[in-house]
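Computed from heavy atoms alone, side chains included, the values below leave out hydrogens, waters and symmetry copies.
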Amino acid sequence: MSLNGQAYIAGAFEHPTRKAVDKSLAQLHAECAQGALADAGLTKDDVDGYFCAGDAPGLGPLSLADYMGLKLRHMDSTETGGSSYLIHVSHAAEAIALGKCKVALITLAGRPRAEGMATGTAPRNYGMSAPDVAFEFPFSPTISNMYGMCAKRHMHEFGTTSEQLAWIKVAASHHAQHNPNAMLQKVVTVEEVVNSPMISDPLHRLDCCVISDGGGALVVVAPEIAKSLNRPLVKLKGAGEAPKHQNGGRIDLTYSGAAWSGAAAFEEAGVTPADIKYASIYDSFTITVLMQLEDLGFCAKGEGGKFVADGNLISGVGKLPFNTDGGGLCNNHPANRGGMTKVVEAVRQLRGEAHPAVQVPNCDLAVAQGTGGSLGTRHGSATLILERE
């Protein structure tokens with residue numbers, strides 16, 4: 001069964017806070033839910049499906065359904081890191097198509113900044129029972145090192161340069177200057193990026209995403225409900241999901257799971273990368289963006305450096321406007337999970353509600369791409385093709 005046209009995104013909300021010292025994690029989830037429902041013109045009493053991931057406190061959907069007073073017919077707590085929320089959109093569409101729910105609420109929230117987390121510089125341990133831990137944890141793999149390793153290999157294989165990667169940050173900063181909520185609103189140059197302190201060779205500090213609190217929420221609804229609301233129609237046209245892992249030691253660090261999830265999403269949508277007007281691309285690091293653009297088919301493998309250079313990702317300047325809110329590199333990376341905000345900004349663009357300085361003219365087809373986990377070890381990838389109807 002195809003998901004094309006089975007569900008619509010009726011509500012989208014990004015929490016304005018970037019440091020939540022005065023809010024609990026559950027409160028952030030609830031405020032995001034309230035914002036997305038208000039955006040859709042619905043209330044919590046309309047919700048009969050709820051989706052959350054590992055950022056949710058307590059027993060996930062059970063704890064938050066209780067906290068928010070939701071009466072549910074369907075729950076889903078799929079956890080694939082930062083890509084979870086894109087997968088939740090497609091799983092919500094599946095549940096709607098099967099008659100399991102009609103109004104699905106998806107929330108994300110976190111407080112890493114308020115809690116003083118130095119993301120990317122400490123070993124990440126998902127629990128000592130994970131099968132990889134005994135083999136990898138003794139070597140203290142950190143997020144920044146794993147992504148730096150991918151960047152170094154891409155440079156070795158294809159001649160990609162630090163200056164080319166820097167153009168991704170430059171593009172994000174050109175967009176963030178128009179976002180009053182963005183953490184980093186200053187426009188930067190290629191020189192400033194490559195001259196910023198080295199974090200994990202070859203990634204500099206400005207190649208890395210921000211650390212922020214806050215969150216976001218989405219409301220996915222059945223077609224008949226979407227068409228009854230006084231909101232622009234944003235249709236799910238195609239979706240794909242895939243893991244990429246160690247493959248028994250046969251590791252190629254130069255590509256991501258987007259090679260599979262993207263192909264599936266474009267096939268289901270019946271469109272090609274050349275049809276896309278706007279791209280929300282997961283940007284935990286600059287190398288994350290470059291590899292996903294290649295894997296989604298916007299350019300050939302190894303040509304990503306040339307593709308992103310010279311402002312090609314800047315709205316109004318380049319061929320493929322990306323992350324027009326400033327993305328995780330400049331705006332917001334709530335709970336260290338950037339998939340939610342990628343969908344939110346894609347919805348803004350399709351509705352024509354992005355900032356006028358970055359709004360893509362006649363934006364009727366967008367891709368949102370998420371990655372969760374570690375690009376250098378194992379990760380989940382999810383792709384959504386969204387259309388303004």
Side-chain angles (χ1 to χ4, degrees), residues 1-13 26 29-80 83-109 215-241 265 268-269 339-340 343-344 346-347 350 368 370 380 382-387 389:
M1 180 185 71
S2 172
L3 293 181
N4 193 332
Q6 297 285 352
Y8 291 70
I9 298 178
F13 178 79
H29 274 275
E31 290 179 1
C32 290
Q34 186 178 37
L37 288 166
D39 181 59
L42 297 167
T43 73
K44 72 176 183 65
D45 294 331
D46 296 306
V47 176
D48 59 353
Y50 178 61
F51 296 70
C52 63
D55 58 280
L59 292 174
L62 296 182
S63 297
L64 287 177
D66 183 18
Y67 182 80
M68 294 189 284
L70 302 177
K71 186 177 181 180
L72 303 172
R73 295 192 295 134
H74 187 75
M75 295 179 291
D76 187 324
S77 56
T78 297
E79 166 66 306
T80 60
S83 61
S84 300
Y85 317 93
L86 291 90
I87 289 179
H88 289 165
V89 172
S90 61
H91 286 194
E94 292 172 2
I96 289 169
L98 291 171
K100 298 298 184 180
C101 63
K102 287 184 176 295
V103 177
L105 171 66
I106 306 166
T107 66
L108 153 77
L218 299 163
V219 180
V220 182
V221 302
E224 65 272 19
I225 293 178
K227 292 170 184 178
S228 72
L229 301 171
N230 188 28
R231 300 300 287 137
L233 293 173
V234 176
K235 179 175 71 177
L236 177 62
K237 197 169 177 67
E241 59 187 78
E268 184 169 60
M340 174 67 75
V343 183
V344 170
V347 170
L350 291 167
T383 311
L384 302 176
I385 309 296
L386 303 173
E387 181 182 47
E389 190 173 276

| Would V219 and V103 satisfy side-chain contact (heavy atoms from CB on, under 4.5 Å), going step by step from the backbone distance to the final call? | CA-CA 7 Å; V219 180; V103 177; 3.9 Å; yes

| said: Please determine whether side-chain contact (heavy atoms from CB on, under 4.5 Å) holds for the pair L86 and V343, giving the CA-CA distance in whole Å, both sets of side-chain angles, and the decisive distance to 0.1 Å. | reply: CA-CA 7 Å; L86 291 90; V343 183; 3.8 Å; yes

| request: Check the pair L105 / L70 against side-chain contact (heavy atoms from CB on, under 4.5 Å), numbers first and verdict last. | output: CA-CA 10 Å; L105 171 66; L70 302 177; 4.2 Å; yes

| said: Checking H74 against F51 for the ring-ring contact (aromatic ring centres under 6.0 Å, His included) test, could you report, in this order, the C-alpha distance in whole Å, the side-chain angles of both residues, the deciding distance, and whether it holds? | reply: CA-CA 9 Å; H74 187 75; F51 296 70; 5.7 Å; yes

| task | Please test I9 against L218 for side-chain contact (heavy atoms from CB on, under 4.5 Å), starting from the C-alpha separation and ending with a verdict. | result | CA-CA 7 Å; I9 298 178; L218 299 163; 4.2 Å; yes

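Between the side chains of D76 and T78, at least one donor N or O sits under 3.5 Å from an acceptor N or O.
For the atom pair L384 CG and E241 CD, the distance stands at 10.0 Å (nearest 0.5 Å). Between K235 atom NZ and L350 atom CG the span is 12.0 Å, to the nearest 0.5 Å. The distance from atom OG1 of T80 to atom NE2 of H88, rounded to the nearest 0.5 Å, is 7.0 Å. Between atom CE of residue M340 and atom SG of residue C32 there is a gap of 7.5 Å, rounded to the nearest 0.5 Å. The distance from the CG atom of D55 to the OG atom of S84 is 7.5 Å, given to the nearest 0.5 Å. Rounding to the nearest 0.5 angstrom, the gap separating the CD1 atom in I87 from the CD1 atom in I106 is 11.0 Å.
Closest non-hydrogen pair, V347 versus A12, comes out as CG1-CB, 4.1 Å. A pairwise comparison of heavy atoms in L72 and A65 identifies CD1-CB, 3.7 Å as the closest pair. Residue S90 comes nearest to L3 through the heavy atom pair O-CD1, 3.7 Å, listed as atom of the first residue, atom of the second, then distance. Across all non-hydrogen atoms, the minimal contact from S77 to P61 is CB-CD, 3.8 Å. Scanning both residues, Y67 and A26, for their nearest heavy atoms gives CE2-O, 3.4 Å. Of all non-hydrogen atoms in A56 and L64, the two that sit nearest each other are CB-CD1, 3.6 Å.
Not counting sequence neighbours, the partners of D48 by the side-chain hydrogen bond (donor to acceptor under 3.5 Å, both in side chains) test are R73. A search for ring pair (Phe, Tyr, Trp, His ring centres under 6.0 Å) contacts involving Y50 returns nothing, not counting sequence neighbours. Legend: residues meeting side-chain hydrogen bond (donor to acceptor under 3.5 Å, both in side chains) with Q6, ordered by chain and number and at least two apart, are absent. By the side-chain hydrogen bond (donor to acceptor under 3.5 Å, both in side chains) test, Q34 pairs with no residue at all, sequence neighbours left out. For the side-chain hydrogen bond (donor to acceptor under 3.5 Å, both in side chains) test, no residue two or more places apart in sequence or in another chain qualifies with S63.
Using a distance-only test at 3.5 Å, with no hydrogens or angles considered, a donor-acceptor pair links the side chain of E268 to the main chain of A239.
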Atom pairs and distances, side-chain donor-acceptor, residues 224-234, under 3.5 Å, sequence neighbours left out:
unit_1 : atom_1 : unit_2 : atom_2 : d
E224   : OE2    : K102   : NZ     : 2.8
S228   : OG     : I225   : O      : 2.7
R231   : NE     : D39    : O      : 2.7
R231   : NH2    : D39    : OD1    : 3.0
R231   : NH2    : E353   : OE2    : 3.3

